[in-house]
Amino acid sequence: MHKHVEWEDPGRDSVLEHFADRPEQLVEPRPGDILSARYAGAIVRVKVEAYVDGTSIGEVAAIIAIDNGRRLKSHGKLALGDTVRLPDACRALEPEPSDPEDNRT
């Protein structure tokens with residue numbers, strides 16, 4: 001059973017918008033692919049298990065705080081390992097780091 005998620009509108013990071021002028025480059029997700037979306041101010045990565053009628057079904061593989069890049073085990077009502085449905089309209093590109101030094105280890 002999947003967990004219902006109220007995904008945020010991806011806005012300028014929308015995958016569908018990014019490929020709107022070249023739809024031939026937008027491919028359907030396949031099992032094993034990792035997709036990104038926004039949920040309650042965080043980046044969520046979903047590992048695809050199935051794709052049905054414009055919706056990916058998969059497991060939450062990562063939850064990342066947008067402000068500092070910290071990896072979270074849970075956020076709001078969502079946790080690592082939850083099975084979710086991710087519609088194509090909610091898929092998002094990964095945001096660009098604001099400062100190259102933000103990615104220092």
Side-chain angles (χ1 to χ4, degrees):
M1 176 77 92
H2 67 274
K3 180 173 272 192
H4 178 74
V5 177
E6 293 291 332
W7 300 109
E8 293 177 0
D9 182 335
R12 65 182 175 86
D13 293 329
S14 169
V15 169
L16 293 182
E17 280 293 314
H18 181 77
F19 288 103
D21 60 342
R22 49 191 193 285
E24 69 283 352
Q25 292 180 357
L26 180 63
V27 297
E28 286 186 2
R30 295 179 307 258
D33 286 351
I34 304 290
L35 306 178
S36 293
R38 305 290 186 274
Y39 168 73
I43 299 166
V44 177
R45 293 183 182 153
V46 176
K47 185 174 182 180
V48 176
E49 295 170 4
Y51 182 76
V52 180
D53 298 328
T55 300
S56 297
I57 302 164
E59 182 178 295
V60 174
I63 304 171
I64 305 166
I66 289 177
D67 57 350
N68 60 17
R70 198 173 97 234
R71 299 227 174 205
L72 309 169
K73 292 184 180 180
S74 64
H75 184 69
K77 297 180 180 181
L78 195 60
L80 290 178
D82 284 345
T83 299
V84 297
R85 297 172 64 86
L86 176 58
D88 284 347
C90 296
R91 288 171 50 196
L93 299 170
E94 290 282 327
E96 293 289 326
S98 58
D99 180 355
E101 292 188 15
D102 286 346
N103 293 326
R104 288 182 287 176
T105 55

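The structure displayed is predicted, hence computed values, not measured ones.
Here Ile66 pairs with Arg38, Ile43 under the side-chain contact (heavy atoms from CB on, under 4.5 Å) rule; sequence neighbours left out. Partners of Ser74 under the side-chain contact (heavy atoms from CB on, under 4.5 Å) rule, at least two apart in sequence or in another chain, are Ala79.
For residues 73-87, the set of pairs meeting the salt bridge (charged side-chain N to carboxylate O under 4.0 Å, His left out) definition, not counting sequence neighbours, comprises Lys3-Asp82. The side-chain hydrogen bond (donor to acceptor under 3.5 Å, both in side chains) analysis of residues 41-66, with sequence neighbours excluded, yields the pairs Arg45-Glu94, Tyr51-Asp88.
By the 4.5 Å heavy-atom criterion applied to side chains, Ile63 and Tyr39 are not counted as neighbours. Val15 is listed as a side-chain neighbour of Leu93, based on a closest heavy-atom distance under 4.5 Å.
Under the 4.5 Å side-chain heavy-atom criterion for ILVMFWY residues, no single connected hydrophobic cluster contains both Ile64 and Leu80. Hydrophobic clustering (side-chain heavy atoms under 4.5 Å, transitive across Ile, Leu, Val, Met, Phe, Trp, Tyr) keeps Leu16 apart from Val46. When the side chains of ILVMFWY residues are joined at heavy-atom separations under 4.5 Å, either directly or via intervening members, Trp7 and Ile57 end up in two distinct hydrophobic clusters.
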Show the atom names and distances, to 0.1 Å, of all donor-acceptor pairs under 3.5 Å that link a side chain in residues 18-34 to residues at least two apart or in another chain.
residue : atom : partner : partner atom : Å
His18   : NE2  : Arg22   : NH2          : 3.0
Arg22   : NE   : Gln25   : OE1          : 2.8
Arg22   : NH1  : His18   : O            : 3.2
Asp33   : OD2  : Arg30   : N            : 2.8

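The nearest pair of heavy atoms linking Glu8 to Ala40 is OE2-N, 2.9 Å. The two atoms that bring Ala37 and Ala92 nearest to each other are CA-CB, 4.1 Å, heavy atoms only. Across every non-hydrogen atom of Val60 and Val44, the tightest pair is CG1-CG1, 3.9 Å.
To the nearest 0.5 angstrom, Ser36 atom OG is 9.5 Å from Asp13 atom CG.
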